Number of protein chains: 2
Amino acid sequence: MLHRPNCRDCRWRGMCISNALGGRELERFEGIAEQNNAIHKGDQVFRSGEPLRVLHVLRSGCVKSSSISEDGAEQIIRFHLPGEMLGLNSVGTGFHHCTATALDSASVCEIPYRRLQDMADRIPVLNQRLFRMMSREIERDEQLLMLLGKKSASERVARFLVNLSQLFGQRGFSTREFNLTMARREIANYLGLTVETVSRSFRMFQDEGALEVEGKHITVRDPDCLYRLGGLPFQPAARVSNQ
Amino acid sequence: MLHRPNCRDCRWRGMCISNALGGRELERFEGIAEQNNAIHKGDQVFRSGEPLRVLHVLRSGCVKSSSISEDGAEQIIRFHLPGEMLGLNSVGTGFHHCTATALDSASVCEIPYRRLQDMADRIPVLNQRLFRMMSREIERDEQLLMLLGKKSASERVARFLVNLSQLFGQRGFSTREFNLTMARREIANYLGLTVETVSRSFRMFQDEGALEVEGKHITVRDPDCLYRLGGLPFQPAARVSNQ
DNA sequence: CGCACTTTTGAGGATAGTCAACGTCTGTGG
DNA sequence: CCACAGACGTTGACTATCCTCAAAAGTGCG
């Protein structure tokens with residue numbers, strides 16, 4: 001488990017929600033978060049249609065959120081990395097409209113939704129933190145919309161890798177070398193492509209010298225080249241946001 | 001201006017936000033909503049990057065929300081019909097990340113965000129109403145993701161028409177006959193297609209006997225056929241939700 | 001080991017994009 | 001009121017991108 005000096009355990013106990021709280025309130029907050037819960041690859045954290053009893057904070061591992069259309073097709077909406085909160089997009093209706101599935105062994109802790117809501121009702125700064133987190137969900141969805149609506153297959157795949165690399169960086173891991181937790185099929189689904197097209201994009205990126213791909217292990221050889229392949233003008237400045 | 005017995009003016013004064021409030025609180029709420037503001041076709045209600053001072057409620061007309069990518073390409077995220085609240089997806093960051101543009105003459109009223117937030121901090125039921133509205137934004141974004149990720153061109157266009165028809169129905173207008181406020185170019189942008197493809201889909205739907213298209217005027221001749229063209233198994237039951 | 005599943009690669013084809021031409025609508029100014 | 005310009009919409013021909021199908025190679029697990 002990774003610890004960073006500026007944002008210690010809170011990072012893994014509610015995506016910095018507890019940052020918003022001081023002394024006594026923080027204790028209460030820690031109090032309502034339940035023990036870690038181990039889940040295995042393929043397990044579902046929650047299913048679409050279930051009532052929203054608890055919000056989950058992913059403490060380790062990787063989880064996908066997907067929604068199923070009326071004809072049974074899956075659309076992966078998002079891949080979640082440690083520190084992220086699951087189920088936020090269902091706050092409001094009171095029912096999950098996504099299914100969350102573990103991509104590998106993972107652990108989550110549970111925050112009873114009702115009690116979080118009660119706290120938020122009494123603590124405006126916590127309430128605003130929740131709004132901010134939902135807002136970020138929307139922003140991410142809309143970035144994906146842009147990707148699906150306007151970008152070519154290889155641009156989508158390149159941006160997917162750039163984003164993933166940045167997310168690892170934000171968590172203190174290498175941006176140049178990492179493992180894909182998800183299968184090609186899942187990357188393809190997320191990006192609105194087929195497995196074959198994703199595979200061919202990987203090959204192209206290797207031929208361009210941007211990447212080295214060995215199964216699930218990715219080594220970024222030339223980040224600038226990868227940004228170009230993603231249609232990005234140049235390397236985006238590292239986000240300084242602590243969240 | 002349309003009035004419905006079960007949800008009178010509130011429908012146009014904050015998308016039923018005021019439903020959550022009783023007597024005195026309702027008065028206060030009405031107090032903070034500013035006068036109607038007339039805007040013209042092409043006017044921008046707010047621009048991406050601006051600080052979020054007020055939330056806008058669309059009282060008449062039609063508005064598009066779009067975000068602009070780093071390379072200048074527009075992606076329309078959503079078309080808004082009367083009664084909807086604009087800017088909700090920016091709550092949290094405090095800055096707009098979309099640009100809202102009127103598609104025809106429209107009027108909006110403004111709700112100072114700070115004051116709404118203060119009220120929400122004191123009135124849990126209003127607060128929950130806001131969460132619910134944001135949640136709905138997320139759900140709609142995710143429906144669009146499914147459309148862009150998994151559906152063919154003609155399915156996208158057919159579903160676009162079905163959705164629009166339902167939205168008109170919810171507002172008490174005909175589901176069988178309506179005018180498209182947006183240009184073909186904008187429909188295409190929204191659906192991740194080209195103008196030509198949208199135009200050809202319209203033609204196909206006419207040849208199938210599902211529609212009659214005269215410029216911006218749409219007449220739905222065979223709703224079931226349109227649902228089928230959208231890949232929907234059969235006519236979805238009308239939503240009874242009062243929102 | 002053997003089986004199932006995933007990934008890669010190739011060949012061929014369909015869908016939707018590009019380019020171009022033409023028709024239609026709208027608003028402006030004579 | 002009409003003429004005109006410019007934007008919008010439709011249609012056709014051609015093309016590129018990405019999907020489908022198929023087969024082989026690689027990977028993981030009981």
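Quick caveat, the model's predicted, so the values are computed rather than measured. Each chain gets a letter, A, B and so on, in the order the sequences are listed, and its residues count up from 1.
Ion pairing of B:Arg203 with B:Asp207 is present here, as a side-chain N (NZ or NE/NH1/NH2) and a carboxylate O approach within less than 4.0 Å. Checked for salt-bridge contact, B:Arg136 and B:Glu139 miss the test: no charged N lies under 4.0 Å from a carboxylate O. With respect to the salt-bridge test (charged N to carboxylate O, under 4.0 angstrom), the residues B:Glu84 and B:Arg171 qualify. A salt bridge links B:Glu74 and B:Lys64; the closest N-O separation between the charged side-chain nitrogens and carboxylate oxygens is under 4.0 Å. A salt bridge between B:Asp71 and A:Lys151 is present, with a side-chain N of the basic residue lying under 4.0 Å from a carboxylate O of the acidic one. Electrostatic pairing of A:Glu137 and A:Arg140 does not count as a salt bridge here, judged by no charged N lying under 4.0 Å from a carboxylate O.
A residue-by-residue look at B:Arg203 and A:Lys151 shows that B:Arg203 has its nearest nucleotide of DNA chain D further toward the 5' end.
Taking atom CD1 of residue A:Ile218 and atom P of nucleotide C:dT7, one finds them 11 Å apart after rounding to whole Å. Atom-to-atom, CD of A:Glu214 to P of C:dT7 comes out at 15 Å; the value is rounded to the nearest Å. Put simply, NZ on B:Lys216 is 15 Å from P on D:dA7, counting in whole angstrom units. Protein atom CG of B:Asp207 is 9 Å distant from nucleotide atom P of D:dT11, rounded to whole Å. Distance B:Arg185 CZ to C:dG17 P: 16 Å, rounded to the nearest Å. What separates CZ of A:Arg184 from C1' of C:dT8 is a distance of 9 Å, to the nearest Å. B:Gln206 places its CD atom 14 Å from the P atom of D:dG9, with the value rounded to the nearest Å. Per the geometry, CD1 belonging to B:Ile187 stands 11 Å off C1' belonging to D:dG9, to the nearest Å.
Contact between the side-chain N/O atoms of A:Thr194 and the OP1/OP2 oxygens of D:dC19 is found at a separation under 4.0 Å. For A:Thr197, no side-chain nitrogen or oxygen approaches OP1 or OP2 of D:dC18 to under 4.0 Å.
Side-chain contact of B:Ser60 with B:Ser107: a donor-acceptor pair under 3.5 Å is present, judged by distance alone.
Comparing C:dA16, D:dT11, C:dT7 by their closest approach to the side chain of B:Ser199 singles out D:dT11.
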Using the 3.5 Å cut-off, write out each protein N or O paired with an N or O of nucleotides 21-30 of chain D and the distance between them.
unit_1: D:dC21; atom_1: N4; unit_2: A:Glu196; atom_2: OE2; d: 3.0

